[in-house]
There are 2 protein chains.
Amino acid sequence: MTGRRTSDDLKEVIRDFRRDQVIDVARRLFGERGTTDVSMDEIASEAGVARSTVYVYFANRGELLRACLQGMYSQLLEAIATTWEQEEEPGRRLERLIEEMLAVVDDSPAFFRLALVTQGTPANDGEVVGAELALIGLDIARLLHDLVVEGVARGVFRMLDPDVAISLIGQQIYGAMAVRAGEPMPRPRDEAAADTAQFILHGLAA
Amino acid sequence: MTGRRTSDDLKEVIRDFRRDQVIDVARRLFGERGTTDVSMDEIASEAGVARSTVYVYFANRGELLRACLQGMYSQLLEAIATTWEQEEEPGRRLERLIEEMLAVVDDSPAFFRLALVTQGTPANDGEVVGAELALIGLDIARLLHDLVVEGVARGVFRMLDPDVAISLIGQQIYGAMAVRAGEPMPRPRDEAAADTAQFILHGLAA
DNA sequence: AGTGATTCGGACGGTGTGTCCGATCCATGG
DNA sequence: CCATGGATCGGACACACCGTCCGAATCACT
């Protein structure tokens, strides 16, 4: 509403702003009540726009879901990146990594539950979201790979196939997230992360 | 009048038979393509009955889902029970337990994905199924509890809070199931179970 | 053959999605 | 000052699914 002159750049900005406006609302609602329970109607009205306008910015429900996931994802990656710089020791890094991922769960448990399910499903929402999730998984796997190699090099981890190790660690983290997503009153996040990390480290220990 | 009891019993049998007929189809379809993607129409026609007839046996979609889960569940418990008798050593029992659970996943991966999501959600399908899943979790937790106590008593596991141990083991298994449910071409089941069990046992080792 | 239960087929109202189009607002440029 | 074009609105439409209902047909048993 401020500003006299509108250039094409400004229109871009406005457009992005509108988009984010809808995405924010959708993320909140999806996070609170799950995806199947939130209609496009509700998102639109909550965001203060007409339903048809939402379809100007997102081709369909799936695209909106994808946008929400991408937002969650980039947020997560950013958090992990700073963690990665702050911590050096593999065990600490793992613990902080887990803590960041649990934070995502705490942020929007119901939404995360969706993320879990849709993995690999050819369902309506699923196919798009599943692909997105797979990419996230790959990125995290890369981080874990480096972490395992580093740990083995330092002699704190026993020798084992990095691929198997990644898979097992990933499974543990996945399970921790999923279980937490389902709990009405989860434990303090740092405690949970510490326990999980310690258990994994025991399993990896030399 | 004559043979009333037999007649009634027969009706019971027929009724159960019909029910199972629908449940079998539903389990297959849900397992193949997920729950959101299979309509009641399709289940009915695939089972060779009218849609309205399905609603004679199941109050709604949620009830049908519950019935499917219960079928899966009792099948799983039965398999575990025989395993439990065959195996004595905690490590072996754990490995076989995991193998049985992965078998459930292999049986109907898409369906199992549902089971994961709905946990704790107030979504339409979710609330009923979630409750069912919670019960299953409790039963499995009981088994794991005994297993941990036994392992500690034998001195093969290090001393740790059984509740924490159960939670961690559960998370690992949960993750293993979830990841496998999302994989198009999962590894041989026994290998996966062996790796997972071994990792857990390392984490528990004295 | 008669009777009661079971199943069928289809109609209905409700809800949600995605598409479409005219009406409206508003900044810009002539 | 007004015309123009883009963004937005609001609502209608077709489609799909769920759950309910009811009359008609079918079947099993006496």
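Numbers restart at 1 for each chain; the letters A, B, ... are given by sequence-line order, proteins then strands. What's counted below: heavy atoms across the whole structure, side chains too, no hydrogens, waters or symmetry copies.
Salt bridge annotation for B/D16-B/R19: absent, with no cationic side-chain nitrogen under 4.0 angstrom from a carboxylate oxygen. With respect to B/R28 and B/E46, a salt bridge is recorded, a charged nitrogen being found less than 4.0 Å from a carboxylate O. In summary, B/R66 and B/E63 engage in a salt bridge, as defined by a charged side-chain N under 4.0 Å from a carboxylate O. Salt bridge status for A/D24 with A/R27: absent, with no side-chain N to carboxylate O gap under 4.0 Å.
Counting any heavy atom pair closer than 4.0 Å across all strands shown, A/V56 reaches no nucleic acid atom. Residue-level contact check: A/F58 touches neither bases nor backbone, having no heavy atom under 4.0 Å from any strand.
Contact check of residues 17-29 of chain A against DNA chain D (heavy atom, cut-off under 4.0 Å) returns A/R18.
Across the helix from C/dA1-D/dT30 to C/dG30-D/dC1, the helix axis at one end is tilted relative to the axis at the other end by 20° (nearest 10 degrees, each axis from five pairs).
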So if I define the base as every atom that isn't primed, P, OP1 or OP2, how would nucleotides 11-22 of chain D read as a B/S/- string at a heavy-atom cutoff under 4.0 Å? BB-----BBBB-

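When side chains are defined from C-beta on, A/H202 counts as touching B/R158, because their heavy atoms get closer than 4.5 Å. A heavy-atom distance below 4.5 Å is not found between the side chains of B/I23 and B/Q70.
Here the closest non-hydrogen pair linking A/V104 and A/M72 is CG1-CE, 3.6 Å. Residues A/Y174 and B/V179 approach most closely at CD1-CG2, 4.2 Å, considering heavy atoms. The two residues B/V22 and B/F58 make their nearest non-hydrogen contact at CG1-CE1, 3.8 Å.
A side chain to side chain contact (heavy atoms under 4.5 Å, CB included) with B/I169 holds for exactly one of B/I98, B/T196, B/L147, B/I200; it is B/I200.
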